Every structure is written in C-alpha cells, then in structure tokens.
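Have a look at the structure below before the remarks.
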Amino acid sequence: MNWDDLRFFLSVARAGQIGRAAPTLRADPTTVSRRVRRLEADLGQVLFEQDRDGQKLTAAGRALLTRAEDMDRCASAISEGSGGDGGPSGILRISASEGFGTWIIARHLHEFADQYPAITIDLTASSGFLNPGKRETDIAILLARPRKGPLLARKLTEYSLGLYGSHDYLESAGGVVRRDSLGGHRIIGYIPDQIYAPELDYLSELLPGVDASLRSSSINAQQRMCQSGAGLAILPDFIGGQDRKLQRVLPDFILRRAFWIAIHQDVRNLARVSLFNDWLTEIVARQADVLNITGSSS
C-alpha cells in the first residue's frame with residue numbers, strides 16, 4: 001500500500017466530494033480519483049459509494065477513516081518539531097472571506113511569516129469558506145458562528161459596512177445622494193443566487209426593493225467597479241475606507257456584521273495554530289478603527 005494514498009482518502013472523506021478535495025490536495029480530480037481507486041485495490045475493499053451528492057463512505061471506509069485520522073494527528077504532531085531551528089513549522093491552512101482575507105490578513109501576513117519562517121501558510125481567500133469541521137482547513141474566518149461540528153469558535157471582531165461611490169461618479173451625479181433618490185443610481189452588488197452567506201444579503205437594508213444592475217460574486221470586483229465610477233456599492237468599511245478614490249455617502253447608513261474564528265478541536269493545541277490565532281487577534285485589535293466606523297447602525 002502507498003501510504004500517501006491515505007492522505008487522498010482522508011481529504012475525500014472529509015470533503016464528501018472528489019472535486020472539493022482536489023484543491024486542498026493540489027491535484028486535479030482525475031488524479032484524486034485514481035489514487036483512491038488504487039488504495040481500494042490495495043486493500044481489497046470498497047471505501048466509497050457514489051451518490052447524488054458525491055462520495056459516501058462505506059462501512060469499510062468509515063473504519064479506515066478512524067485509523068487515518070489517528071495517523072493524521074500523529075503526522076501533525078511530528079511536523080510541529082521539524083523546523084530547522086526547533087521553532088514551530090508545518091503547513092497552516094487558513095480560510096477566510098475574500099474581503100477579509102485580502103484586505104486584512106494578506107496585508108499583514110508578512111509580519112507572521114517573518115516571525116515564524118518555518119511555517120508554510122496556505123491562505124484561501126474566496127467567495128465561500130472551507131469547512132474546518134471536515135478538516136478542509138485548520139482555521140476558518142466565518143460570517144456566523146458555526147452551529148455544528150467538533151469546533152472551537154469565538155467572535156473575532158465586528159465590522160461595519162457603508163454605501164460608497166467614486167469621487168468622479170458622485171461629481172457627475174451632483175455630489176448628493178439621498179435614499180429616496182437611489183432609484184436613479186446604478187447599484188453594484190452580489191449575484192443573488194451566488195450569495196454564499198445570508199449576512200451578505202443586505203441590499204434590502206439599504207432600501208426595500210432596490211436591486212443591483214451590476215453584479216458579481218466577488219467583493220473585490222464590486223470594489224473595482226465602484227472605484228471605476230460604475231455606480232454605488234455597499235462595501236465593508238475596511239475596504240471602502242482604505243480606498244482614496246472612494247467616498248462614503250449616506251453617513252447615517254451603517255450596517256454591522258461580525259467575523260467568527262473557528263478551529264477544529266484536533267488542531268487547537270498545535271503551536272502554529274495557536275500562534276496564528278493570537279497573532280490575528282492582535283491584528284484585528286490594531287485595525288479596530290479600520291474595521292468599524294463610529295455612529296449609529298441603520
């Protein structure tokens with residue numbers, strides 16, 4: 001048996017789909033499928049059944065999963081002490097929303113990397129989250145507290161959102177934007193059926209019945225459209241407030257949301273996980289004025 005095939009089996013078992021497991025393994029789905037089939041042939045057992053949702057563990061697969069997870073915990077513990085200077089090492093997997101991952105974590109991540117050079121960091125900053133409960137990531141920054149799974153979760157920080165437009169757009173629009181005139185403006189927002197968290201479905205809080213005519217699943221794309229003068233967009237203040245080409249309008253319109261940090265209980269005691277948790281807590285404390293503006297919520 002090729003021991004490395006167990007790593008592929010474990011990722012598919014956690015993700016429930018070969019397609020979802022492939023990116024975490026840095027392999028294409030065909031390779032993942034081939035490695036799983038090889039493991040099944042070596043063991044003489046069928047480990048997965050195909051159903052409409054993906055790959056479902058058989059009884060033999062569930063039995064192997066317990067042993068494979070034990071091996072994974074041992075491997076993580078071994079990698080902790082493998083740094084050349086005796087410091088923390090290994091791969092640290094982080095999942096965050098695109099905006100927070102890009103504008104907060106990525107902007108400051110060099111500080112953590114400089115302090116702990118033996119730790120390899122995989123930052124997934126995208127529209128959607130990897131699931132720490134299925135061990136797709138070590139640390140997840142979520143928009144709501146997870147309701148299930150063997151996770152340790154806490155509120156990381158609150159953040160505010162507001163309505164933004166570019167200086168050029170606002171000048172062409174006469175410089176004054178009122179709620180009762182929003183129907184005359186082009187609105188930028190999310191594609192409704194691609195909103196991956198209910199906390200992002202906030203246009204109705206701006207004005208009931210208002211719709212976006214320029215839509216994207218990417219908050220960074222929305223920011224760039226807004227910056228180019230395409231229209232008005234609701235943006236987190238840690239994005240819009242850091243863009244000098246944008247101006248906040250409707251100062252009385254303030255939305256409040258929160259980020260939650262979730263860590264799988266199996267990795268909570270790993271040094272690299274604990275260190276990043278502490279570091280990120282310090283970062284959001286330092287960035288409190290960027291994450292939140294003062295004022296009453298809408």
Side-chain angles (χ1 to χ4, degrees), residues 11 14-15 19-26 90-114 116 119-146 151 153-161 164 188-191 194-202 215-227 233-243 246 257-264 267 272-273 275-284 286-287 290-292:
S11 290
R14 287 168 173 167
R20 290 188 64 185
T24 65
L25 292 164
R26 298 179 181 176
I91 297 175
L92 177 63
R93 302 170 301 163
I94 305 155
S95 172
S97 66
E98 181 188 23
F100 188 79
T102 303
W103 290 81
I104 299 297
I105 296 179
R107 283 191 167 191
H108 301 276
L109 195 56
H110 66 278
E111 300 174 18
F112 185 85
D114 288 345
Y116 306 106
I119 297 178
T120 298
I121 302 163
D122 291 347
L123 172 61
T124 301
S126 61
S127 300
F129 303 101
L130 299 179
N131 189 337
K134 295 182 178 180
R135 295 293 301 277
E136 296 171 348
T137 185
D138 298 317
I139 298 174
I141 313 302
L142 308 169
L143 288 166
R145 186 181 192 125
L151 303 172
R154 64 178 176 86
K155 184 184 288 188
L156 179 63
T157 182
E158 293 186 347
Y159 70 100
S160 58
L161 303 94
Y164 284 86
I188 300 164
Y190 283 102
I191 301 170
Q194 294 186 28
I195 293 177
Y196 59 90
E199 291 78 13
L200 300 179
D201 190 10
Y202 39 56
R215 309 188 299 193
S216 174
S217 62
S218 164
I219 191 64
N220 285 335
Q222 293 176 40
Q223 177 259 337
R224 294 306 293 268
M225 286 190 282
C226 186
Q227 184 191 74
I234 295 178
L235 298 172
D237 288 308
F238 63 79
I239 295 179
Q242 295 190 81
D243 188 335
L246 297 182
R257 296 292 189 268
F259 287 117
W260 293 76
I261 186 168
I263 302 172
H264 195 284
V267 300
R272 57 182 178 268
V273 172
L275 289 168
F276 185 86
N277 187 12
D278 293 342
W279 172 82
L280 188 58
T281 300
E282 178 187 345
I283 289 297
V284 297
R286 281 164 38 192
Q287 296 292 301
V290 173
L291 287 158
N292 279 284

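Here the structure is a predicted model, which is why all the values come from computation and not from measurement. Counting from 1, the numbers follow the sequence of the chain as shown. What you see below is based on every heavy atom in this structure, not just the backbone, and it leaves out hydrogens, waters and symmetry mates.
- For the pair A221 and S216, the tightest heavy-atom approach, listed with the atom from each and the gap, is CB-OG, 3.4 Å.
- Note: Q227 CD to Y164 OH = 13.5 Å, rounded to the nearest 0.5 Å.
- Distance CD1/I121 to CD1/I119: 6.5 Å, rounded to 0.5 Å.
- You'll find the side chain of L92 reaches within 4.5 Å of the side chain of V273, heavy atoms only.
- Atom CD1 of I283 is separated from atom CD of E111 by 4.5 Å, given to the nearest 0.5 angstrom.
- Between atom CD1 of residue I94 and atom CG of residue L109 there is a gap of 6.0 Å, rounded to the nearest 0.5 Å.
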Check: Given H264 and L151, is the side chain to side chain contact (heavy atoms under 4.5 Å, CB included) satisfied, shown in steps?
Finding: CA-CA 5 Å; H264 195 284; L151 303 172; 4.2 Å; yes
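- L200 contributes atom CG, which lies 11.0 Å from atom OG of S217 (distance to the nearest 0.5 angstrom).
- The shortest distance between side-chain heavy atoms of T124 and T137 does not fall below 4.5 Å.
- Side-chain atoms of Q242 and W103, non-hydrogen and from C-beta on, do get closer than 4.5 Å to each other.
- The shortest distance between side-chain heavy atoms of I139 and R93 does not fall below 4.5 Å.
- Nearest heavy-atom pair, R145 versus W260, reported as atom, atom and distance to 0.1 Å: NH1-CZ3, 3.3 Å.
- Classification of the F259-F100 ring pair by plane angle, with boundaries at 30° and 60°, yields tilted.
- The environment of CZ in R107 is crowded: more than 12 heavy-atom neighbours from other residues, nucleotides or ligands sit within 6.0 Å.
- The distance from atom CD of Q223 to atom OG of S218, rounded to the nearest 0.5 Å, is 9.0 Å.
- Looking only at distances, a side-chain donor or acceptor of N292 sits under 3.5 Å from a matching main-chain atom of E158.
- Inter-residue side-chain proximity for I195 and Y202 is flagged as unmet; no heavy-atom pair is nearer than 4.5 Å.
- Of the options E282, R154, R272, a side-chain hydrogen bond (donor to acceptor under 3.5 Å, both in side chains) to N277 is made by R154 and by none of the others.
- Shown here for W279 and H108, the closest heavy-atom pair between the two residues is CZ2-O, 3.1 Å.
- Scanning all heavy atoms of the two residues, the minimum distance from Y159 to A258 falls at CE2-N, 3.7 Å.
- Here the shortest heavy-atom pairing between L291 and V284 reads CD1-O, 3.8 Å.
- At least one side-chain heavy atom of I141 sits under 4.5 Å from a side-chain heavy atom of L280.
- The heavy-atom pair separating R257 from E199 by the smallest distance is NE-O, 2.8 Å.
- Inter-residue side-chain proximity for D122 and R26 is flagged as met; some heavy-atom pair is nearer than 4.5 Å.
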